[in-house]
2 protein chains.
Amino acid sequence: MDESCTIYKTADFIGKRWTLIILLELSKGSGTKRYNELKKAIPGITPKILSERLKELEHEGMIKKRIDSSKFPIKCEYTLTKSGKEFFKIIQDMKKWSLKWKFNNKLCANSSCENCKL
Amino acid sequence: MDESCTIYKTADFIGKRWTLIILLELSKGSGTKRYNELKKAIPGITPKILSERLKELEHEGMIKKRIDSSKFPIKCEYTLTKSGKEFFKIIQDMKKWSLKWKFNNKLCANSSCENCKL
DNA sequence: CAGGATCCAAAAGGATACTG
DNA sequence: CAGTATCCTTTTGGATCCTG
C-alpha cells in the first residue's frame, strides 16, 4: 500500500487543515453558503486557504459552485453534492467513535461550536 | 467550530502522512507486528517518522506496545487495541465511499498493495 | 463580492549516521 | 532490534494588499 491507495488519499484529503471545517459549515442550515458567509463562519481562515480548499472540494466532486454574474458584484454559492452529503455520514461515525473512546475530549464545547449540528 | 472539536482533531490525526498506512498494515494478518516488520512493509517510511507515528497512535490509545527485553536484542510488538479495531470500520466505510464516488481512482492497484485485506 | 498575488514563517518530513 | 540525533529540504499555511 502506498499513496496511490484510495483510502490513503481520502484520509489525506479530509485530514487537511480547514477541509473538514468547511464541510461541516456547509452542512449546517440550508446546505448552501456563499464565499463570504463561509469566511465569516470560520474564524481564522484566510481568503487564500478558503478558496484553495473550496477548489479542492469542488475538484473532488464534494461541493458544487454556482456563480451568479448577472449583476455586479458577482455572487457565488457553494453546495454539498450527493457525494459530499454521503461523506458526512462517515464524519458522523467518526464523531461517535471519538465520543466513545476519547471521553475527556469534549465535542464542540467552545462558543464558536454552539450551533454545530453534528 | 474550531480545532478543539473532536472530529476535527480526529480527522487531522488520521489524515497525517503515514498514520493510516500504519493502521492498515497493522490490521493485516495476525494484527500484531514488530517495528522492523512495519518498516519493511511500508516502503519509503523513515525510522524517525515510523517511531513518531507509533508513539502518536499509542498515545491516542489505538495501538498497544509490548516490549520483550528478556533477551538481547530487545523485541517490540505493536498491536491494534479495541479502539483501533473499531476505527478500522470507519476506514472501511471510507473505502466504500471512495469506490462509489471515485471510479477512476482504483483501490490498491499497485504491487505493494496486493495483499491489502481491506 | 470573491478571490488572486506576493512574501514570509513555521512545520513537517526525508537522508543518514549512530547507539543501548 | 528498535529506535535517536542531526541536519536539511520541502511543503503548508498565514498576513496583507490588490482587483475584475
Side-chain angles (χ1 to χ4, degrees), chain A residues 1-5 8-9 11-23 25-26 30 32-60 63-79 112, chain B residues 1-5 8-9 11-23 25-26 30 32-60 63-79 112:
Chain A
M1 149 135 180
D2 73 354
E3 298 162 43
S4 71
C5 175
Y8 179 71
K9 281 159 83 176
D12 218 38
F13 180 76
I14 63 121
K16 276 185 115 166
R17 184 140 204 234
W18 301 113
T19 301
L20 203 52
I21 296 186
I22 294 169
L23 236 32
E25 205 52 54
L26 271 175
S30 66
T32 297
K33 291 252 165 74
R34 294 227 309 275
Y35 181 86
N36 273 4
E37 284 185 291
L38 288 170
K39 196 145 77 77
K40 258 195 305 186
I42 304 171
I45 198 168
T46 60
K48 174 183 158 193
I49 301 296
L50 179 54
S51 76
E52 226 172 86
R53 291 293 176 277
L54 286 171
K55 265 176 204 151
E56 290 162 4
L57 282 164
E58 197 190 0
H59 182 249
E60 289 298 315
I63 64 173
K64 214 170 41 200
K65 179 181 182 180
R66 241 196 38 215
I67 309 174
D68 176 11
S69 53
S70 62
K71 308 183 194 62
F72 194 83
I74 291 170
K75 285 176 185 171
C76 292
E77 282 183 349
Y78 295 92
T79 314
S112 58
Chain B
M1 149 134 182
D2 72 355
E3 298 162 43
S4 71
C5 176
Y8 178 71
K9 280 159 84 174
D12 218 37
F13 180 75
I14 62 122
K16 274 186 115 165
R17 186 141 201 232
W18 301 112
T19 301
L20 204 52
I21 296 185
I22 295 169
L23 238 30
E25 205 53 53
L26 273 176
S30 66
T32 296
K33 292 252 164 75
R34 296 226 307 277
Y35 181 88
N36 273 3
E37 284 185 291
L38 287 170
K39 195 144 78 78
K40 259 195 305 189
I42 304 171
I45 199 168
T46 60
K48 174 184 157 191
I49 300 296
L50 179 55
S51 77
E52 226 173 85
R53 291 294 176 276
L54 287 171
K55 267 176 203 152
E56 289 162 5
L57 283 164
E58 197 191 1
H59 181 249
E60 290 298 315
I63 66 173
K64 213 170 42 200
K65 180 182 183 178
R66 240 197 39 215
I67 309 173
D68 176 11
S69 53
S70 62
K71 310 182 193 60
F72 193 83
I74 291 170
K75 284 177 185 170
C76 294
E77 282 184 348
Y78 294 92
T79 314
S112 58

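Small disclaimer: the values here were computed from a predicted structure and weren't measured. Below, chains carry the letters A, B, ... as their sequence lines are ordered, and counting in each starts from 1. Values below: every heavy atom of this structure, side chains too, minus hydrogens, waters and symmetry copies.
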Without decimals, in angstroms, what is the distance between [X] [atom1] and [N] [atom2]?
X       : N      : atom1 : atom2 : value
A:Trp18 : D:dG14 : CH2   : P     : 6 Å
B:Asp68 : C:dG20 : CG    : C1'   : 16 Å
A:Leu50 : C:dG4  : CG    : P     : 11 Å
A:Arg53 : D:dT11 : CZ    : P     : 15 Å
A:Asp12 : D:dT11 : CG    : C1'   : 12 Å
B:Ile49 : D:dC8  : CD1   : P     : 17 Å
A:Ile42 : C:dG3  : CD1   : P     : 13 Å
B:Ile67 : D:dC1  : CD1   : C1'   : 12 Å

Closest-nucleotide 5' rank along DNA chain D - winner of A:Phe72 and A:Gly44: A:Gly44
Grab the N/O contacts between the protein and nucleotides 2-7 of chain D below 3.5 Å, and write none if there aren't any.
from, atom 1, to, atom 2, distance (Å)
D:dA2, OP1, B:Arg34, NE, 3.1
D:dA2, OP1, B:Cys76, N, 2.8
D:dA2, OP1, B:Cys76, O, 3.3
D:dA2, OP2, B:Asn36, N, 3.2
D:dG3, OP1, B:Lys65, NZ, 2.8
D:dG3, OP2, B:Tyr78, OH, 2.3
D:dT4, OP1, B:Lys55, NZ, 2.7
D:dT4, OP2, B:Ser51, OG, 3.1
D:dT4, OP2, B:Lys55, NZ, 3.2

Audit row: A:Leu54, A:Leu38, side-chain contact (heavy atoms from CB on, under 4.5 Å) steps and yes/no: CA-CA 10 Å; A:Leu54 286 171; A:Leu38 288 170; 4.0 Å; yes
Residues A:Glu37, A:Lys40: salt bridge by 4.0 Å N-O rule: no
Rounded to the nearest 0.5 Å, what separation is found between the NZ atom of A:Lys55 and the CG atom of A:Leu50? 10.5 Å
Rounded to the nearest 0.5 Å, what separates atom CD1 in B:Ile21 from atom OH in A:Tyr8? 5.0 Å
Given the rule in the salt bridge (Lys or Arg N to Asp or Glu O under 4.0 Å) test, do A:Glu56 and A:Arg53 qualify, once you have shown the distances and angles that lead to the verdict? CA-CA 5 Å; A:Glu56 290 162 4; A:Arg53 291 293 176 277; 3.4 Å; yes
Polar side-chain atom of A:Lys33 near backbone of A:Glu25 as donor-acceptor pair, under 3.5 Å: yes
Checking A:Tyr35 side chain against A:Pro47 main chain: does a donor-acceptor pair fall under 3.5 Å? yes
Check whether any side-chain heavy atom of A:Ile63 sits under 4.5 Å from a side-chain heavy atom of A:Ile22, and report yes or no. no
Whether B:Arg17 contacts D:dT11 is assessed here as follows: a side-chain N or O lying under 4.0 Å from the phosphate OP1 or OP2. Is that the case? no
Which angle, rounded to 10°, do you find between the first-five-pair axis and the last-five-pair axis of the helix from C:dC1-D:dG20 to C:dG20-D:dC1? 60°
